[in-house]
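The basis for the numbers below is simple: all heavy atoms, side chains too, and nothing from hydrogens, waters or symmetry mates. Every chain is numbered from 1 and lettered A, B, ... according to where its sequence line falls, protein lines coming before strand lines.
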Amino acid sequence: MTLEVKGLHKRYGEVEIFRDFSISFTEGMITCILGPSGCGKTTLLNILGKIIPPDGGTLAGFDGKIVSYIFQEPRLLPWKSVRGNIEFVLDRNLLPEERKKITDRFISLVELEDFADYYPAKLSGGMRQRVSIARAFAYPSDIILMDEPLKGLDIKLKLNLIQTFSRIWQEDRRTVIFVTHDVDEALLLGNEIVVFSRAPVEIVTQKQIGVPIEERSLNSDYLKNLEKELLRALGG
Amino acid sequence: MTLEVKGLHKRYGEVEIFRDFSISFTEGMITCILGPSGCGKTTLLNILGKIIPPDGGTLAGFDGKIVSYIFQEPRLLPWKSVRGNIEFVLDRNLLPEERKKITDRFISLVELEDFADYYPAKLSGGMRQRVSIARAFAYPSDIILMDEPLKGLDIKLKLNLIQTFSRIWQEDRRTVIFVTHDVDEALLLGNEIVVFSRAPVEIVTQKQIGVPIEERSLNSDYLKNLEKELLRALGG
Amino acid sequence: MKISFTSRQYVSLVSVIIILVTWKFFSLYFNSEFVLPSPEKTLLTTLKLFVDDRFLVTVGTTILRSLTGFIVSFFLGLLAGIAAGVNPYVDAFLRPVLVTIRSVPIIAIILLALIWLTPGTVPVFIAMLTMFPFICTNVSDGIKSVDRDLVKMAKFYRVENARIVKELYIPAIMPFIISGASSAMGIGWRAIITGEVLSHPRYGIGTLMQNAQTFLNVDVVIAWTIIAVVISYGFEKVIRWSERKLIIWRA
Amino acid sequence: MKISFTSRQYVSLVSVIIILVTWKFFSLYFNSEFVLPSPEKTLLTTLKLFVDDRFLVTVGTTILRSLTGFIVSFFLGLLAGIAAGVNPYVDAFLRPVLVTIRSVPIIAIILLALIWLTPGTVPVFIAMLTMFPFICTNVSDGIKSVDRDLVKMAKFYRVENARIVKELYIPAIMPFIISGASSAMGIGWRAIITGEVLSHPRYGIGTLMQNAQTFLNVDVVIAWTIIAVVISYGFEKVIRWSERKLIIWRA
Amino acid sequence: ECRSNVTRKDSSGVYTIATLKGPSSMGMIKLIDSLNSGGPYNVKATILDEPMQVRKMMIDKTADFAILPTTMAAIIYNKGFGYKLVAVPVWGTLYLVGSDSTVKRWDDLRGRRVHVMARGMTPDELFRYLLRKNGIDPEKEITLDYSFPTHVDLANAVGAGRTELAVLSEPLASMVMKRNGSVRRIFSLNEEWAKFEGIPIAETAFMAKEEMLKNNRDITEKLLSSYEASTNWVNLYPDSAATLIVKYGILPDYESAFNAIPLSNLKFARAKDVKKEVNEYLSVFYRMNPDIVGGKVPDENFIYQ
Ligand SMILES: Nc1ncnc2c1ncn2[C@@H]1O[C@H](COP(=O)(O)OP(=O)(O)OP(=O)(O)O)[C@@H](O)[C@H]1O
Ligand SMILES: Nc1ncnc2c1ncn2[C@@H]1O[C@H](COP(=O)(O)OP(=O)(O)OP(=O)(O)O)[C@@H](O)[C@H]1O
Ligand SMILES: [Mg+2]
Ligand SMILES: [Mg+2]
């Protein structure tokens, strides 16, 4: 089964972002979206997440699905600690101990154990971004929307997170829609890579990567060639 | 002449960020700083920019210098348009037409001509970042502090901005302190690259790049080797 | 002629109707014109007041008083509030003054005010004592909640203090200012009328209200009340309209 | 015993001294204890009030009244304000009600109040009419300025509405609530005393103030005023103290 | 327009009488009318709503002559403001009114609830005094209800049938009875007082500034006789007087004014002729609450000879 967006229309004032735009996402796969700044990637995620209404078009396959979202900005509650921000989205039906267990697990996943009781104002930029990642992962969902989740993180942390993420993903095979500007990230994580044009958005290229995630290496010729193609599509 | 930081101390509660830390920045050069998330890079820039006071240590060579700063977050005034946000920092002694000319020049530099009258709430994440870049460049300064200026931008825009930036820099040879997580950016722009450790910060490696900025290519062996060394230093 | 309502106006109308119905109900319950005359009778009395030849000068004088009081308190409050919000020493200095101004009971100052001032200015004075601490508190609390990162940015770029206040603080605290202005105007309007009741200037809604009260004409008292409420509603509209004009930058 | 002041407290003290000096100046200028008695004499009178055996019950009753009025208005205002801030229809519905409550002069409803309530509860009622619209306006304006992105985030993660209110809106509007509470308490305290003057309950600061005024004991009126101001200052301290306890998350 | 409150005395030497919207102005109405239509002396009358406003004009010395309750007059004198009592123009306006037809004598009041305006003020203390004189303990054998703290509130409540028994003063009593037929007058507290004291209630005081008494004896004298004449005229021609009373906005309608005149006990008496009455009246209050008369019973000089 697939998630389908059909005949999407969206405009802000005079700027037309989507004009009769269609795209489909295979369930249980990671789809990476690349595209110029300001083209409409965040807008698409917001429409998929039902945060903003489209002007026209249909979404299919999203009903009844639980979605989590790593927003482009961390969007943390300033008056809640790291732990509090993550617990905030957890189901109240869980026992407090269980909530605590889940929270702790994802805090250590993003390597913030020592900062669990810090308020956002006292965290560095990358640390806030990590809280936002932990929150999205802690929320039990069928689909994850990610808007540049790894920005502002150092390379080591980035690689660790990519590894952890692919490990988690192997287990539950959630549907992931992953917006990024980093071609390497897309190559390491995506089952499918889509490149968007400037607004009004059109799909410039769409590539599938046959190699299983756990076997990929950025040094392999296959990925190197793919990278060149993608960079060309991005006009870089 | 150099800008000197000597015997810097800074702690937040129990977390010690700098303990007797010293570093120097050559004037007229671009120094890139790499290091793990949360180690203290932003803290260092804030101390250099006199936004936060150190607990101890001396700064030399900063007096009388005018500094501009690309903060880690865009920090735009929500009630001012793109144009208004840039004009906000310009000298009131300039004639309004002159202010407008400067503003327009830097708006087109970051490719936001069509959005000059937009309020920040209506811009995409990357667009906000670009306004913040334009503001820092428009402000006539001797030193520029940049905290991950190119994050959230697509690869084409990033390369364009790197080119534009090095062109501008060739002309006025300002002192630049550039914090980033992207090794490629550092390799393309830095005259000197410093890698920080986790807090309390120590300098893990410090490299000078002999090749002039305009002649660099990421495919050259020299930079490839350097990249490997840096990645190793970052533990990635 | 076609009258069209937005659904919000419709809801407001329903609310007014509920107020009227409640009133009618209670007037039937008390069944005495000494306590609560019926809405119909009172509305008739209200209409009669409109054609009275002293109507315009009475209402005009009271409105003028309240505008004077409001404008003076608004600017003083804004100034003092910003100073207090920006500088903790000014804050410490103003706090006892504000608390004093705010909590000195009217009755204690009316005797003094009547000696110092003419009856026409006493209401303005009382209203200022009511409105000023208000706007001042709201503004200084607003300033404390301004995003400090933006302030740091502006200071970093050496933007002059006057412009930081004008272009950063004031827009940032606009919601607080509007909220303060709206409450102040509402409460100030009541204070003006109370002041008129107490000091009896030659013209004024409060003067006529008090006269009506001593003659046990409760319907006239309520008729003036209605007029006062309608005028107050007008002020509120103006303030909310300026809110919309001033806060155009929200997404 | 060692007394140490922070520099802020020092500034506050200077401010109090300036108030006293101004007072002394005016009392010398008027040179009449019936217009403005001297600070010394008044402070003496104030001390005498303390030892009066009715002092505690009088002050206690008035404080109790104001706390009752405050707590009730605070919770009603918070509820109504949140509802109005979240839902534009509730806002449209409440607006005319608020404007009415806020601008109806006391003189117009005092009789109704006296009929329904006892003289002891009328001041509470009057204070509620003063405080409620206030807190309500402040809260609903605060809610309109809450970061919508955070709200979208919370809604996205299907956080229950009750928790969105409790854990997102309320902390976000805390500065507005504090500002509203501080102003409301100040103005409500005054309203309580005014109410006591009007309704003459058996015990109450306002009752004694009015008596003193009738008997032309100006120093007693001012002595009670001082007591009222000091108590009000105490309330303010409590509110600011809770502000510090509640807003610990600022950088 | 006579209701102007800004009455600093101007250099042309115009003297001001501060009077109250009530029985005192009713008795003075002929005088007010003649002053207003350019009477013989340089005097003008300012009609005020509240005794507090009259007192304020005395404190800042803008009133040369003033009318206010005798108890307040004693306070003014005792606090040394330089005013003396020259006449007593009104002799008791308090009545027990109500819709309860079962009450006829004092004894009928036992166990009943009577509304009185503000606790501790003149009407309250006076009523308590009479209760005690009639063998009723005001604390135990009767409920005194102070729910309606001002005359106007109380009058409205009586009119609305919210109270069965209340102590009200003229002309409010007449106004209420005109609008609510079931309210009647039960007895005059003035007459009851007279039964025990043998003298009527010296309720209202007409005071003059000491400088006036020293330097402008003639004007004072003329004014006193005109006031006296005016009071006599009002009692003689209540019909024409009522018209004037309405004209000057002292009462809202002719009928209330006409009814109130005979019940207001308007009788002009020079202070020196009623020394005993005044003293007796103030002493009664002094014994109950010294504050009401300013801490002590005024001395000899209170009364202008
Ligand atoms: N106001 C503060 N109070 C307490 N701790 C703080 C405060 N500001 C920063 N810190 C702590 O200082 C450390 C360094 O923060 P800083 O922002 O300098 O990191 P950084 O190197 O810029 O990281 P990043 O790459 O994620 O932006 C972090 O551990 C952070 O929690
Ligand atoms: N509320 C809004 N009102 C008007 N225009 C808007 C609004 N939100 C977004 N836009 C416009 O829509 C376009 C697409 O924005 P969007 O945030 O989807 O871009 P993006 O692809 O996510 O870019 P980036 O990579 O920089 O985050 C931009 O031109 C932006 O100006
Ligand atoms: Mg985006
Ligand atoms: Mg940082």
Side-chain angles (χ1 to χ4, degrees), chain A residues 12-15 17 34-43 46 71-74 110-112 114-115 117-118 122-130 147-148 150-162 179-184 186 195-196 198-199 227 230-236, chain B residues 12-15 17 34-43 46 71-74 110-112 114-115 117-118 122-130 147-148 150-162 179-184 186 195-196 198-199 227 230-236:
Chain A
Y12 288 116
E14 280 161 30
V15 189
I17 313 286
L34 293 161
S37 165
C39 74
K41 303 180 294 299
T42 301
T43 307
N46 282 338
F71 297 92
Q72 195 164 4
E73 322 78 41
V110 295
E111 303 177 20
L112 283 176
D114 295 345
F115 298 91
D117 295 320
Y118 273 52
K122 304 197 165 176
L123 297 178
S124 80
M127 291 161 116
R128 282 179 216 163
Q129 184 61 26
R130 285 186 260 164
D147 203 347
E148 303 179 39
L150 302 175
K151 67 164 180 300
L153 301 182
D154 64 278
I155 191 111
K156 186 180 163 203
L157 199 59
K158 215 182 262 192
L159 291 177
N160 284 354
L161 280 174
I162 288 178
V179 168
T180 182
H181 287 302
D182 186 326
V183 178
D184 291 353
V195 178
F196 279 10
R198 299 181 149 265
E227 179 171 18
L230 290 174
L231 286 176
R232 204 172 315 122
L234 283 164
Chain B
Y12 288 116
E14 281 162 32
V15 190
I17 312 288
L34 294 162
S37 166
C39 74
K41 303 178 297 297
T42 302
T43 306
N46 281 337
F71 298 91
Q72 194 164 5
E73 323 77 42
V110 296
E111 304 177 19
L112 282 177
D114 296 345
F115 298 92
D117 296 319
Y118 273 52
K122 302 195 166 178
L123 297 177
S124 81
M127 292 161 116
R128 282 178 216 164
Q129 185 60 26
R130 284 185 263 165
D147 204 347
E148 302 179 40
L150 301 175
K151 67 163 181 300
L153 301 182
D154 62 277
I155 191 113
K156 186 181 165 203
L157 198 56
K158 215 181 259 191
L159 291 176
N160 285 352
L161 280 174
I162 288 179
V179 168
T180 182
H181 287 301
D182 187 327
V183 178
D184 291 352
V195 177
F196 280 10
R198 301 183 148 263
E227 180 171 15
L230 290 174
L231 286 176
R232 206 170 316 120
L234 283 163

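- The NZ atom of B/Lys151 sits 10.0 Å away from atom CD of A/Glu148, with the distance rounded to the nearest 0.5 Å.
- Of all the heavy atoms in B/Arg130 and A/Ser37, the pair that sits closest is NH2-OG, 2.7 Å.
- With a threshold of 4.5 angstrom between heavy atoms, A/Tyr118 approaches chain B through side-chain atoms but not through N, CA, C or O.
- Residue B/Gln129: no heavy atom, backbone or side chain, is found under 4.5 Å from chain A.
- Of the residues considered (B/Asp182, B/Leu34, B/Leu153), B/Leu153 shows the highest number of contacts with chain A, using heavy-atom pairs under 4.5 Å.
- Contact count versus chain B (heavy atoms, under 4.5 Å) is highest, among A/Val183, A/Leu123, A/Asp154, for A/Asp154.
- Rounding to the nearest 0.5 Å places NZ of A/Lys158 at 11.0 Å from CG of B/Leu234.
- Interatomic distance, CG of A/Leu230 versus CD1 of B/Ile155, reported as 10.5 Å (0.5 Å rounding).
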